[in-house]
Amino acid sequence: MSMSTVMSALRGAGRQQLSASTFAVRHWTGSHVLRIHEFTQVRNMVYHGVEMRSSTFAVGGKDWRICCCPNGRYYPSEDYVSLYLDHDYGSNTRHQMTGDIMAKVQFSILDRALKPCYTQTTKLERVYGGLKWGACDDFIRHGDLDKAKHLNDDCLTILCDLTVAVTGTNDRMEVPSLPGPFDLQAGQLTEAIWNKERPDVRIEVDGEAFDAHRWVLEARSPVFKTDLSLAKATTGKAENTIELRIDDMDAEVFKALLQFIYTDAPPLLDAPTTAERLLVAADKYELEKLKLMCEEALCRHIGMGSVASTLALAERHRCPVLREACMRFLSCAGNLETIMAMQMDGFGELKRDCSSALLELVTKKMIEMEQ
């Protein structure tokens, strides 16, 4: 179970001000390459115990160096190449005393194709600061070094793969964010709101509860501003949270409405039924931009079977763009006459719900005939 799951469950139980820390074993892996040019000459020049050291590299937040003794680290290994790691904890005496780092190292010689051709691996063991560690005193015998395989132009290339395991506490305060009720990929501002601010409004729609931020709703919709000013804050699980209930909308439509309020991004309006339901919601909450988007989407679906209901919708919700598109369709090449002649259901709907529009069309037709 993740920490976010734990925090969400506790938050849902009423604990709003939460912080957390985690004590765990954390693993890191890193690699470093050490190359010794003119290796044969170097080996002939230095005594046993003399080491070639790599530059410092970091793994697991600690500094390491590869140490190579071309003539062995001790007398018994003077006919070998010895490898080990040097680790410096700096001034952190706690680590030096307890040795609470475990590590495993793999040393490899790379061939001409830069692939490991000879490898030794140490077991996972405790590391103390200031000590040589991960020693392979008898890494490879001088007589086993193949010039063609191991020494490319007399260059010894050593790859170190280091795995570090450290126990410790993550001291950062964690304030888990509540998941937004919609896709947050629309912009950094939306993500910042949901990640940094606790919602203070809960809206119940069609049996589902949606969290939101009062200042966002009030800034976007004057209707929400009025409704929230009349609502009362509740106490208990979510102290000072305002609760609203919406009974004339389904949860899917409200989710799309809420997403637009936060992101200003157009929802998916391919289906005319979706556009129609969202248009009604946008009109209710005076979201004119969303309403216009829905009008334009419905304009693409006007036909003989839908023009009457679409025009009625435009009349009820004061949609000038959608109304004009319907009127143009009915004015084209006998469309209205066809509907009247066939006594289609739409004609009765036109007479009942769009009488003013129908009168406008008839008047226009009469004027055209007189001319």
Side-chain angles (χ1 to χ4, degrees), residues 182 203 205-206 217 219-227 246-371:
F182 45 78
I203 306 172
V205 184
D206 194 24
L217 298 178
R220 297 285 279 162
S221 168
V223 178
F224 267 125
K225 185 174 183 178
T226 301
D227 291 347
I246 298 176
D247 295 318
D248 58 352
M249 193 180 305
D250 62 51
E252 181 183 355
V253 171
F254 182 77
K255 184 176 181 179
L257 184 80
L258 196 60
Q259 179 169 354
F260 175 81
I261 287 175
Y262 273 90
T263 66
D264 206 39
L268 185 63
L269 297 172
D270 291 341
T273 53
T274 301
E276 180 178 337
R277 290 153 60 204
L278 197 53
L279 183 148
V280 174
D283 182 48
K284 174 182 177 179
Y285 288 101
E286 299 182 19
L287 298 169
E288 296 303 322
K289 182 177 178 180
L290 178 59
K291 181 179 173 181
L292 180 58
M293 291 176 180
C294 295
E295 287 188 62
E296 293 173 345
L298 287 170
C299 287
R300 298 191 293 269
H301 297 281
I302 296 173
M304 297 294 290
S306 65
V307 64
S309 60
T310 302
L311 182 56
L313 178 73
E315 293 273 287
R316 287 195 303 271
H317 295 283
R318 303 170 302 281
C319 304
V321 173
L322 185 58
R323 184 183 189 278
E324 178 62 25
C326 291
M327 296 293 280
R328 285 200 306 269
F329 179 86
L330 290 170
S331 299
C332 287
N335 284 349
L336 179 60
E337 291 80 358
T338 301
I339 294 175
M340 295 173 62
M342 297 178 63
Q343 291 293 306
M344 299 177 69
D345 293 339
F347 182 61
E349 193 170 357
L350 282 172
K351 290 191 297 181
R352 183 181 67 250
D353 300 327
C354 311
S355 57
S356 63
L358 187 58
L359 178 61
E360 182 181 331
L361 283 169
V362 172
T363 302
K364 183 178 179 181
K365 291 289 184 182
M366 292 177 62
I367 293 175
E368 290 176 352
M369 291 175 62
E370 291 178 354
Q371 294 175 348

In this structure, CD1 of I203 is separated from CD1 of I246 (nearest 0.5 Å) by 5.5 Å

Between L217 and D227, does the side chain to side chain contact (heavy atoms under 4.5 Å, CB included) criterion hold? Intermediate values first, please.
CA-CA 10 Å; L217 298 178; D227 291 347; over 6 Å; no

Here the pair of heavy atoms bringing A275 nearest to A297 is CB-CB, 4.2 Å

By salt bridge (Lys or Arg N to Asp or Glu O under 4.0 Å) - contacts of K284 (at least two apart)
D248

To the nearest 0.5 Å, tell me how far L279 CG sits from L292 CG.
9.5 Å

L287 side chain near V223 side chain, heavy-atom distance below 4.5 Å:
no

Salt bridge (Lys or Arg N to Asp or Glu O under 4.0 Å) against E286, all qualifying residues, sequence neighbours excluded:
none

Pairwise distance CD1(I302) to SG(C326) - rounded to 0.5 angstrom:
4.0 Å

Where do L313 and V280 land on the side chain to side chain contact (heavy atoms under 4.5 Å, CB included) test, with the steps shown first?
CA-CA 9 Å; L313 178 73; V280 174; 4.1 Å; yes

Residues pairing under side chain to side chain donor-acceptor pair (under 3.5 Å) where one sits in residues 287-307, two or more places apart or in two chains, turn out to be D264-K289, D283-K291

Verify, without hydrogens or angle tests, whether R220 (side chain) and F260 (backbone) share a donor-acceptor contact under 3.5 angstrom.
yes

Sorted by chain and number, sequence neighbours left out, side chain to side chain contact (heavy atoms under 4.5 Å, CB included) with D250 holds for D206, E252, V253, R277

Which residue pairs satisfy the ring-ring contact (aromatic ring centres under 6.0 Å, His included) criterion with at least one member in residues 268-290, sequence neighbours excluded?
F224-Y285

Is the shortest side-chain heavy-atom distance between T310 and L322 below 4.5 Å?
yes

